Amino acid sequence: MDERYDFKKVEERWQRAWQEQKTFTVGEDPSKKKYYCLEMFPYPSGRIHMGHVRNYAIGDVISRYKRMRGFNVLHPMGWDSFGLPAENAAIKHGIPPSKWTLENIAFMRDKQLNRLGLSYDWDREVTTCLPDYYRWNQWFFIKMYERGLAYKKLSYVNWCPSCATVLANEQVEDGLCWRCGSVVAHKELEQWFFKITAYAEELLACCDKLTGWPERVLTMQRNWIGKSVGVEVDFLVEGTGEKLTIFTTRQDTLFGVTFMSIAPEHPMLEALIKGRKEAGEVRAFVQRVLSEDKAVRTDEKQEKEGVFTGAYAVNPLNNEKVPVWVGNFVLMEYGTGAIMSVPAHDQRDFEFAKKYGLPVRVVIQNAEKGLNAGTMTEAYTEDGIMAGSGKFDELSNANAKDKIADFVEERKIGTRTVNWRLRDWGISRQRYWGTPIPIVYCDTCGAQPVPEKDLPVLLPLDVALTGKGRSPLAESKSFREAVCPKCGGAARRETDTMDTFVDSSWYFLRYCSPKEDGAPFDKKAAGYWMSVDQYIGGIEHAVLHLLYARFFTKVVRDLGLFDGDEPFLNLLTQGMVIKDGAKMSKSKGNVVDPDHILSKYGADTARLFSLFAAPPERDLEWSDQGVDGAYRFLHRVWTLVYKHSAALRNVQPAGPGARGDTLFRKTHLTIKKVTEDIEREFHFNTAISALMEMVNELYDYTSGGVEDRQLPVLRSAIDALTLLMAPFAPHFAEELWEVLGNTSSIANAPWPHHDPEAIVASELTVVVQVNGKVRSKLTLPAGAADKELEAAALADSKVIEFLQGKQPKKVIVVQGKLVNVVV
RNA sequence: GCGAGAGUGGCGGAACUGGCAGACGCGCCAGACUUAGGAUCUGGUGGGUGACCAUGGGGGUUCAAGUCCCCCCUCUCGCACCA
């Protein structure tokens with residue numbers, strides 16, 4: 001035993017002990033309630049950063065707390081280990097991606113994460129770049145292919161020139177690549193897609209059931225899915241007789257259509273302008289718009305431009321002829337690529353009409369404003385009464401929406417339709433370090449899925465990476481050449497790999513039975529552990545990973561492998577770790593290295609500080625001095641416990657007989673407070689401050705020396721303190737727990753319960769106010785009645801002074817707390 | 001523009017259903033022990049050196065407002081030509 005707090009010795013000792021004794025290894029135990037606590041697994045970049053430390057510290061406190069509360073806790077960790085950085089390292093330094101990745105994993109696990117004292121069941125480690133994992137990506141792909149949920153199509157896709165690969169819509173932020181920030185180009189390619197849109201309705205509807213998710217994440221998901229309900233209406237093109245179909249959510253304004261606009265890519269465009277004098281001008285316009293970058297074109301500040309095609313179409317509601325324009329703001333990928341334009345009731349159409357001198361017609365009136373098309377300065381987009389709309393006049397426009405939709409359907413000029421902003425998930429990547437897509441192409445039989453028995457399609461490890469040319473796999477002859485599973489003839493393999501977000505879309509299921517080799521996971525094990533009770537990670541995945549994982553879970557359910565609908569019941573999005581008010585970054589030079597903190601202060605201090613400085617959902621301002629404070633606190637506790645450990649060793653903790661003792665009361669108040677702070681919103685910062693208060697009180701209590709009769713109360717206080725600290729500073733608590741004479745790990749010790757009767761105060765401190773201002777304080781015996789409070793307050797000398805002989809108008813008594821005398 | 005969240009000491013942050021604003025920590029000041037301390041312990045610490053003013057600003061409700069209501073300002077994040 002060492003009386004000096006040597007964190008290095010303590011932490012190494014307990015890390016070894018947990019490992020040797022397999023303290024955190026778990027299995028399915030139907031007799032216990034399970035708790036699945038999961039932190040988003042990291043990409044093995046080579047080093048952890050403070051954001052990881054914070055994320056894992058939060059998850060570890062929750063896991064350790066739940067374990068002490070008697071739950072069977074699944075707390076796994078793994079590696080999201082396919083991805084571009086490994087390939088870039090290979091190109092730059094000539095290290096094979098697999099070597100680079102596996103070495104990083106070993107380093108991060110053994111030298112970094114293990115030093116943090118995290119209570120993971122390492123027997124369940126999942127590494128997505130290994131064949132025993134990614135073969136199941138391929139298996140899911142084939143299952144989805146069989147069900148029409150994986151398909152290939154030619155389309156415009158997002159192309160990052162710097163990463164030399166296609167990106168999913170979710171991976172483009174403000175027109176820039178989410179990973180490297182390059183401007184994303186538009187490219188027409190044949191690509192594999194997962195049909196996430198087949199689940200759009202359910203993904204949206206289930207948002208309402210995710211009550212344990214932050215509202216803003218749900219809002220972001222709802223926005224991303226973007227459901228809009230409206231109608232498609234056919235306008236007949238004059239002359240050709242072809243139908244130009246538009247989508248609108250504002251069918252109540254159909255009578256106000258004064259022109260139409262179609263996307264520059266619209267397939268009907270050529271037919272519209274053929275042989276017209278406008279054709280040349282239109283083609284020039286289209287060419288100019290299409291040559292623009294997608295980011296530029298969809299920028300909000302982009303000037304709305306258009307050109308008249310020379311063609312007219314007929315509004316089927318009023319048989320009016322309206323000109324058809326091409327607009328640079330009309331998107332081919334949304335709706336039908338053609339819109340009706342109602343300048344009076346749509347701001348964008350209004351501005352466009354003003355610019356090109358097109359007419360404005362009011363069809364929704366506001367009684368007070370008295371709208372006049374000639375004098376309007378902006379579109380009227382609010383509700384009102386229908387006007388100029390034939391038999392729909394005088395209806396409220398909300399009402400007319402339904403009526404017009406009915407009318408359109410009856411006349412067979414259109415149908416009710418739902419449009420989604422959500423697009424199918426493009427998963428092809430022209431990169432090497434990912435899961436090969438299990439498809440071969442045969443000249444006779446076409447695209448053929450690789451039979452299940454031939455899985456996995458192994459990623460060859462001897463591919464030269466140059467960073468130039470085509471996808472690296474396309475350069476590998478041995479990989480490329482294959483045999484058609486159907487006819488046995490020569491065929492070539494698909495050389496694209498899957499988006500790495502596929503890997504992270506089901507890893508939480510794999511943790512349930514990571515060694516299962518006949519299926520992606522064991523159904524029974526998943527039935528026991530799933531869903532994840534608490535998921536913790538950064539907000540940056542609010543749409544990406546979290547949406548894909550929800551989609552995959554629903555697919556897995558429909559494959560009959562899992563009985564739930566949603567993967568994550570509760571989601572905690574932790575804030576960033578910042579320094580000097582900014583996110584830590586190399587360029588700003590404000591990065592704090594976890595290794596340095598661990599060497600100087602130890603894991604328990606690092607954990608304690610990061611949990612104490614801010615509540616988990618908020619940003620955490622890193623403070624070196626704050627770390628000192630956490631370190632000091634541990635020293636204070638250590639010194640205190642050691643000072644009394646010999647005297648306390650054979651003392652039994654106090655029981656109900658000690659009710660009334662101030663320290664006993666503080667002990668139980670602290671148990672209550674810490675427990676509630678963890679249970680309610682995981683507010684560890686206030687839980688730790690309660691522990692600090694208790695330690696301060698312990699110092700007071702023991703400052704004059706401790707008599708023998710005080711030992712039981714002191715013992716119960718120190719026992720409780722150690723237990724309450726265990727989730728936050730686990731090594732530290734283990735060591736003190738042993739010093740106090742315990743022989744089994746504190747990790748499995750039961751969490752203390754507070755004694756409700758022990759926290760009842762023997763005296764009340766009553767605040768006395770005169771006219772709402774605090775003027776005095778009274779100490780009265782507990783349980784004093786309202787009448788007694790009032791009498792005592794009125795008899796108080798300060799109150800009498802303030803009353804100056806006047807009679808109180810009213811006296812308000814808040815039971816056991818406060819008296820307010822109103823004059 | 002729309003949506004969400006937030007504005008409290010020198011700083012990070014407390015204050016659960018309206019009831020002592022500033023818990024706890026950092027920093028700072030003073031003292032003790034010390035040859036010495038950037039170690040440790042003890043005390044103090046919103047402003048103004050009286051009864052007053054203070055939770056972004058302005059109104060309101062109430063005996064009582066950081067907390068509830070109305071108006072406004074600022075910041076952060078997300079979405080944003082979606083028809």
Side-chain angles (χ1 to χ4, degrees), chain A residues 173-174 214-224 226-228 230 246-250 253 260-261 263 297-304 327-331 333-342 346-349 351-352 419-421 539-540 542-543 575-576 608-609 612-615 617-630 632-633 635-636 639 673 676-677 680-681 683 685-696 699-700 703 765-777 801-802 808-815 817-823:
Chain A
E173 296 167 348
D174 283 335
E215 197 50 45
R216 64 174 178 146
V217 174
L218 294 173
T219 305
M220 283 160 81
Q221 294 223 346
R222 289 188 185 109
N223 284 346
W224 189 262
K227 179 180 185 177
S228 37
I246 57 101
F247 172 72
T248 182
T249 55
R250 291 298 308 272
T253 64
M260 301 178 73
S261 305
R297 196 181 146 197
T298 55
D299 188 339
E300 128 191 62
K301 290 184 249 350
Q302 176 76 2
E303 180 76 18
K304 286 159 201 58
N328 65 342
F329 57 92
V330 185
L331 306 172
E333 58 270 29
Y334 187 79
T336 61
I339 60 171
M340 63 180 209
S341 293
V342 185
D346 180 284
Q347 188 56 26
R348 188 192 49 206
D349 293 346
E351 285 164 23
F352 195 88
N419 252 297
W420 302 92
R421 221 185 77 110
I539 186 79
E540 65 274 16
V543 178
M576 286 188 303
L608 200 67
F609 169 73
F612 174 65
E617 68 279 3
R618 268 210 248 176
D619 283 352
L620 166 71
E621 170 76 30
W622 190 266
S623 152
D624 293 335
Q625 286 159 333
V627 180
D628 280 327
R632 216 154 26 221
F633 171 66
H635 266 279
R636 260 166 84 72
T639 307
K673 170 84 176 144
E676 285 175 356
D677 283 350
R680 176 175 62 91
E681 307 286 343
H683 279 186
N685 56 332
T686 48
I688 292 168
S689 75
L691 293 169
M692 289 171 167
E693 277 188 63
M694 183 175 165
V695 170
N696 290 343
Y699 267 80
D700 278 351
S703 61
T765 302
V766 179
V767 175
V768 181
Q769 299 180 328
V770 177
N771 287 334
K773 298 218 158 86
V774 179
R775 297 303 183 193
S776 181
K777 280 177 193 182
E801 195 183 314
F802 274 98
K809 211 179 341 177
K810 201 170 168 189
V811 179
I812 284 134
V813 180
V814 179
Q815 202 185 9
K817 263 188 181 167
L818 177 140
V819 180
N820 189 10
V821 182
V822 186
V823 191

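Keep in mind that what you see is a predicted model, and the values were worked out from it rather than measured. All chains are named by letter (A, B, ...) in the order of the sequence lines, taking the proteins before the strands, and each is independently numbered beginning at 1.
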Student: Extract from the structure each pairing of a protein N or O with an N or O of nucleotides 38-43 of chain B at less than 3.5 Å, listing the distance.
Tutor:
| from | atom 1 | to | atom 2 | distance (Å) |
| --- | --- | --- | --- | --- |
| B:C41 | OP1 | A:Arg636 | NH1 | 3.2 |

Student: Could you tell me whether the phosphate oxygens of B:A80, OP1 or OP2, come under 4.0 Å of any side-chain nitrogen or oxygen in A:Arg421?
Tutor: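 For A:Arg421, the contact criterion (side-chain N or O under 4.0 Å from OP1 or OP2 of B:A80) is met.
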
Student: For the P atoms, the ones on B:C24 and on B:A64, what distance do you get once it is rounded to whole angstrom?
Tutor: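 After rounding to an integer number of Å, I get 30 Å for this pair.
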
Student: On RNA chain B, nearest-nucleotide positions of A:Ala630 versus A:Val543: which is more 5'?
Tutor: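 Nearer the 5' end of the strand: A:Ala630.
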
Student: Under 4.0 Å from OP1 or OP2 of B:G25: is there any side-chain N or O of A:Asn685 that close?
Tutor: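 False: A:Asn685 side-chain N/O out of range (4.0 Å or more) of B:G25 OP1/OP2.
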
Student: Would you mind pulling out the nucleotide paired to B:A83, Watson-Crick or G-U wobble, both distances under 3.5 Å?
Tutor: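 Partner of B:A83: none.
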
Student: Among B:A14, B:A83, B:A23, which nucleotide sits nearest the side chain of A:Thr249?
Tutor: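 Nearest nucleotide to the side chain: B:A83.
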
Student: Which nucleotide in the list B:C24, B:C26, B:A83 gets nearest to the side chain of A:Phe247?
Tutor: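 Nearest nucleotide to the side chain: B:A83.
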
Student: According to the Watson-Crick and G-U wobble definitions, with both distances under 3.5 Å, which nucleotide is paired to B:A21?
Tutor: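 Matched B:A21 with nothing under the 3.5 Å cut-off.
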
Student: Quick one: look up who B:G78 pairs with, Watson-Crick or G-U, both distances under 3.5 Å, and put none if it's unpaired.
Tutor: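 The base-pairing partner of B:G78, which may sit in any strand shown, is B:C2.
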
Student: At under 4.0 Å between heavy atoms, what does A:Asp628 touch on the DNA or RNA strands: base, sugar-phosphate, or nothing?
Tutor: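 If one applies the 4.0 Å heavy-atom cut-off, A:Asp628 turns out to touch nothing in the nucleic acid.
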
Student: Is the shortest side-chain heavy-atom distance between A:Val774 and A:Gln769 below 4.5 Å?
Tutor: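 A side-chain contact exists here, since the closest heavy-atom pair is under 4.5 Å.
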
Student: For B:G27, does the glycosidic angle fall within 90° of 0 (syn) or outside that (anti)?
Tutor: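 This nucleotide is in anti.
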
Student: How far apart are the closest heavy atoms of A:Ile246 and A:Thr336, and which atoms are they?
Tutor: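 Nearest pair, atom of A:Ile246 first, then A:Thr336: CA-OG1, 3.4 Å.
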
Student: Can you tell me the distance, in whole Å, between the CH2 atom of A:Trp622 and the C1' atom of B:G25?
Tutor: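 The distance from CH2 of A:Trp622 to C1' of B:G25 comes to 14 Å, rounded to the nearest Å.
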
Student: How would you label the contact of A:Lys777 with the nucleic acid (heavy atoms, under 4.0 Å): base, sugar-phosphate, or nothing?
Tutor: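 Result for A:Lys777 = base.
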
Student: Calculate the interatomic distance between A:Glu540 atom CD and B:G78 atom C1'; express it in whole Å.
Tutor: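 Roughly 13 Å, once rounded to whole Å.
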
Student: Could you check which nucleotide pairs with B:C41 in any of the strands shown, counting Watson-Crick or G-U wobble with both distances under 3.5 Å?
Tutor: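 Paired with B:C41, as far as the under-3.5 Å criterion goes, is B:G31.
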
Student: Could you run down the sub-3.5 Å N/O contacts of the protein with nucleotides 15-19 of chain B?
Tutor:
| from | atom 1 | to | atom 2 | distance (Å) |
| --- | --- | --- | --- | --- |
| B:G19 | N2 | A:Gln769 | OE1 | 3.4 |

Student: Considering the options A:Val821, A:Asn771, A:Asn820, which one meets the side chain to side chain contact (heavy atoms under 4.5 Å, CB included) requirement together with A:Pro808?
Tutor: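 Of A:Val821, A:Asn771, A:Asn820, side chain to side chain contact (heavy atoms under 4.5 Å, CB included) with A:Pro808 is met by A:Val821 alone.
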
Student: Specify the separation, in whole Å, of atom CG of A:Asn223 and atom C1' of B:C81.
Tutor: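 Distance check: A:Asn223 CG to B:C81 C1' gives 15 Å.
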
Student: Report which part of the nucleic acid A:Gly629 touches: base, sugar-phosphate, or nothing (heavy-atom distance under 4.0 Å, all strands).
Tutor: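 A:Gly629: backbone/sugar contact only, no base atoms under 4.0 Å.
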
Student: Centroid-to-centroid, A:Phe352 to A:Phe329, below 6.0 Å?
Tutor: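 Ring centres of A:Phe329 and A:Phe352 closer than 6.0 Å.
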
Student: What nucleotide among B:C20, B:G12, B:C26 has an atom nearest to a side-chain atom of A:Val767?
Tutor: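 The listed nucleotide nearest to A:Val767's side chain is B:C20.
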
Student: Can you tell me how far P of B:A83 sits from CH2 of A:Trp420, to the nearest Å?
Tutor: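 My rounded result for the distance is 13 Å.
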
Student: Give a yes/no answer on whether the side chain of A:Thr336 brings an N or O atom under 4.0 Å of OP1 or OP2 in B:A83.
Tutor: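 For B:A83, neither OP1 nor OP2 has a side-chain N or O of A:Thr336 closer than 4.0 Å.
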
Student: Which part of the nucleic acid, if any, lies within reach of A:Arg222 when heavy atoms closer than 4.0 Å are counted: base, sugar-phosphate only, or nothing?
Tutor: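 Answer is nothing: A:Arg222 stays at 4.0 Å or more from every strand.
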
Student: Would you mind classifying the nucleic acid contact of A:Glu215 as base, sugar-phosphate or nothing, using non-hydrogen atoms under 4.0 angstrom?
Tutor: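 If one applies the 4.0 Å heavy-atom cut-off, A:Glu215 turns out to touch nothing in the nucleic acid.
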
Student: What I'd like to find out is whether the side chain of A:Tyr334 reaches to under 4.5 Å of the side chain of A:Ile339, using heavy atoms alone.
Tutor: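 No, side chains not in contact.
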
Student: So what does A:Val330 touch, heavy atoms closer than 4.0 Å: a base, only the sugar-phosphate, or nothing?
Tutor: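 Base, at least one base heavy atom under 4.0 Å.
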
Student: A:Trp224 has an atom CH2; how far is it from atom P of B:G78, in whole Å?
Tutor: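 It is 13 Å, rounded to the nearest whole Å.
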
Student: Can you measure from CD (A:Glu621) to CE (A:Met576) and round to the nearest 0.5 angstrom?
Tutor: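 Reported value, rounded in 0.5 Å steps: 11.0 Å.
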
Student: Just call it for A:Pro615: base, sugar-phosphate, or nothing, with non-hydrogen atoms closer than 4.0 Å on any strand.
Tutor: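 Sugar-phosphate: the residue A:Pro615, judged by heavy atoms under 4.0 Å, touches backbone atoms but no base.
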
Student: If the C1' atom of B:A4 is compared with that of B:C81, how far apart are they to the nearest Å?
Tutor: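 One C1' to the other, the span is 22 Å.
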
Student: Can a side-chain donor-acceptor contact be found between A:Arg636 and A:Asn696 if the only test is distance below 3.5 angstrom?
Tutor: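 On atom types as modelled, these side chains qualify, holding a pair under 3.5 Å.
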
Student: How many whole angstroms separate atom CG of A:Asn771 from atom P of B:A65?
Tutor: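 After rounding, the reported distance stands at 12 Å.
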
Student: Roughly, in whole Å, what's the span from CZ in A:Arg618 to C1' in B:G12?
Tutor: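 A:Arg618 atom CZ is separated from B:G12 atom C1' by 10 Å.
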
Student: Using both distances under 3.5 Å as the test, list the Watson-Crick or G-U wobble partner of B:G66, or none.
Tutor: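 B:G66 is unpaired by these criteria.
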
Student: May I ask which nucleotide in the shown strands pairs with B:C16, Watson-Crick or G-U wobble, both distances under 3.5 Å?
Tutor: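 B:C16 is paired with nothing.
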
Student: Does a distance-only test, which skips hydrogens and angles, find a donor-acceptor pair under 3.5 Å between the side chain of A:Lys810 and the base of B:C63?
Tutor: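 Under the 3.5 Å cut-off, the side chain and the base do not form any donor-acceptor pair.
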
Student: With respect to the side chain of A:Glu693, which nucleotide from B:C52, B:C24, B:C81 is positioned closest?
Tutor: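 When the side chain of A:Glu693 is considered, B:C24 is the closest of B:C52, B:C24, B:C81.
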
Student: Rounded to the nearest angstrom, tell me the gap between atom CD in A:Glu351 and atom C1' in B:A83.
Tutor: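 The distance from CD of A:Glu351 to C1' of B:A83 comes to 15 Å, rounded to the nearest Å.
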
Student: Can you identify which nucleotide, out of B:C26, B:G78, B:A83, has its nearest atom closest to the A:Met220 side chain?
Tutor: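 Of all the options, the side chain of A:Met220 is nearest to B:G78.
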
